[in-house]
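As the structure is a prediction and not an experimental result, all values here were calculated from the model.
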Protein chains: 2
Amino acid sequence: MKLSKRGEYGLRAMIFLAVHAGESALFPIGVIAERENIPERFLEQILLALKNAGLLQSKKGAAGGYSLARPAEKITLGEIERVLDGPLAPIRCVSQMAYQPCDCPDEAACGLRMAMFEVRAAVAGVLDRTSLADVAGQVRAVR
Amino acid sequence: MKLSKRGEYGLRAMIFLAVHAGESALFPIGVIAERENIPERFLEQILLALKNAGLLQSKKGAAGGYSLARPAEKITLGEIERVLDGPLAPIRCVSQMAYQPCDCPDEAACGLRMAMFEVRAAVAGVLDRTSLADVAGQVRAVR
DNA sequence: CATAAAATCTACTGATTTAGTAGAATTTAC
DNA sequence: GTAAATTCTACTAAATCAGTAGATTTTATG
């Protein structure tokens with residue numbers, strides 16, 4: 001049930017952009033990496049993936065950088081996590097986005113499946129209902 | 001956020017024992033493995049770990065086998081999962097059982113931490129509140 | 001127009017974790 | 001005494017993870 005470094009770094013970068021959106025229109029990778037203690041070349045890959053998924057915008061060249069592709073209210077943590085680490089479901093046979101049958105004798109009477117269905121719902125409930133704006137709001141409230 | 005095969009097999013075996021507890025006092029590994037489609041030598045290791053953690057009882061020798069160490073009402077899925085895959089928290093800095101600081105600049109104002117705290121609570125909420133008896137009841141209701 | 005700062009694309013690599021296998025010892029019912 | 005079972009320890013192949021590296025393209029600015 002662990003979050004990968006890829007997921008961790010990507011979420012941190014997206015939250016960073018949401019929190020600091022007012023300060024600058026665009027943030028280069030190097031700035032995000034330095035402020036969040038993330039290896040720069042690794043973050044590079046991650047942001048590229050998020051851009052190809054339509055969650056980030058970028059501008060090349062000098063004075064270029066990244067920004068959120070949509071308003072922070074319209075991007076959820078669930079979307080980000082799915083791009084970076086795949087389906088949220090702990091087991092494929094309860095995945096909404098990427099269902100696959102498991103090898104249990106009878107799926108309809110599978111106790112594990114019933115339990116994992118609830119786990120998936122609980123995780124997706126949090127992640128799909130929490131937007132970057134929600135998180136940014138919480139962060140600003142603390143500082 | 002994925003469940004390992006180790007966790008999957010272990011949970012399946014424990015649920016099997018809870019569901020079929022009435023039929024026999026003891027089930028040998030081979031029987032569980034066959035009925036649940038689990039590699040026998042692998043399951044062997046898993047059940048041993050669950051026994052050493054106090055969740056299973058065993059009897060050696062001919063006519064030996066495994067059974068739950070406590071009534072099914074008193075064993076939760078969360079306990080089992082922690083034995084097999086470690087802490088439930090997606091990130092160590094929100095783990096109740098195995099906290100460790102992360103390397104974000106300011107833990108108190110870390111948006112990722114706030115969000116993952118909720119995810120951990122959601123997962124633990126399901127797993128720590130669901131007992132093997134609950135699952136067994138659901139399975140019996142379907143058949 | 002040259003230069004520097006930035007993203008982009010593709011490939012590679014070392015370390016760790018996962019998912020098992022294997023062998024030998026021990027215990028117990030019959 | 002033998003067969004059926006758990007127990008203990010070690011090993012290994014494959015996959016995944018975390019990160020590096022090199023070369024290219026784009027763009028602002030002086």
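- With the nearest nucleotide of DNA chain D identified for both A/E44 and B/G61, B/G61 has the one nearer the 5' end.
- When the nucleotides C/dC9, C/dA7, C/dT26 are ranked by their closest atom to the side chain of A/S58, C/dA7 comes out on top.
- An OP1 or OP2 oxygen of D/dA18 is reached within less than 4.0 angstrom by no side-chain nitrogen or oxygen of A/Y9.
- Ranking D/dG19, D/dT6, D/dA10 by closeness to the B/Q45 side chain, first place goes to D/dA10.
- Here the P atom of nucleotide C/dG20 and the CG atom of B/L47 are 14 Å apart, to the nearest Å.
- Heavy atoms of other residues, nucleotides or ligands lying less than 6.0 angstrom from CZ of B/R140 number more than 12.
- Put simply, CD1 on B/I32 is 12 Å from C1' on D/dA5, counting in whole angstrom units.
- Where the helix from C/dC1-D/dG30 to C/dC30-D/dG1 starts and where it ends, the local axes point in directions that differ by 10°; five pairs per end, rounded to 10°.
- In the set D/dG19, D/dT26, D/dT7, the nucleotide with an atom closest to the side chain of B/Y66 is D/dT7.
- Residue A/L88 comes nearest to B/M1 through the heavy atom pair O-CB, 3.6 Å, listed as atom of the first residue, atom of the second, then distance.
- Where A/G64 and A/K2 meet DNA chain D, the nucleotide closest to each residue was compared, and A/K2 sits on the side nearer the 5' end.
- Between A/D85 and A/K5 there is no salt bridge, since no side-chain N of the basic residue sits under 4.0 Å from a carboxylate O of the acidic one.
- By the criterion of side-chain heavy atoms lying less than 4.5 angstrom apart, applied directly or through intervening Ile, Leu, Val, Met, Phe, Trp or Tyr residues, B/M97 is not grouped with B/Y99; the two fall into different hydrophobic clusters.
- The nearest whole Å value for the distance from the CG atom in A/L56 to the P atom in C/dA6 is 17 Å.
- A salt bridge is absent between B/E44 and B/K51; no separation between the charged side-chain nitrogens and carboxylate oxygens falls under 4.0 Å.
- Closest to the side chain of A/K5, out of D/dG19, C/dG20, D/dT27, is D/dG19.
- Residue A/I29 is classed as a sugar-phosphate contact, given heavy-atom separations below 4.0 Å to backbone atoms only.
- Applying the salt bridge (charged side-chain N to carboxylate O under 4.0 Å, His left out) rule to A/E36 yields the partners A/R12; only residues at least two apart in sequence or on another chain are considered.
- The side chain of B/F42 lies closest to C/dT21, out of D/dT25, D/dA3, C/dT21.
- Atom NZ in B/K51 sits about 7 Å away from atom P in D/dC8, given to the nearest Å.
- Residue A/G30 is classed as having no contact, given no heavy-atom separation below 4.0 Å to the nucleic acid.
- For the pair B/D103 CG and D/dA18 P, the interatomic distance rounds to 13 Å; values are reported in whole Å.
- Across the protein-nucleic acid pair, A/E40 atom CD and C/dT8 atom P stand 14 Å apart, rounded to whole Å.
- Atom CG of A/L48 is separated from atom P of C/dA6 by 17 Å (rounded to the nearest Å).
- Nucleotides of DNA chain C nearest to B/D85 and B/K59 differ in position, and the one nearer the 5' end is that of B/D85.
- Rounded to whole Å, atom P of C/dA19 lies 13 Å from atom CD1 of B/I38.
- Smallest separation of non-hydrogen atoms from A/N37 and B/D103: ND2-O, 3.1 Å.
- Salt bridge absent: B/K2 and A/E81 never bring a charged side-chain N and a carboxylate O closer than 4.0 Å.
- Taking the side chain of B/K60 as heavy atoms from C-beta on, and the options C/dT27, C/dG20, C/dC9, the nearest nucleotide is C/dT27.
- Nearest to the side chain of B/R41, among D/dA18, D/dT20, D/dC8, sits D/dC8.
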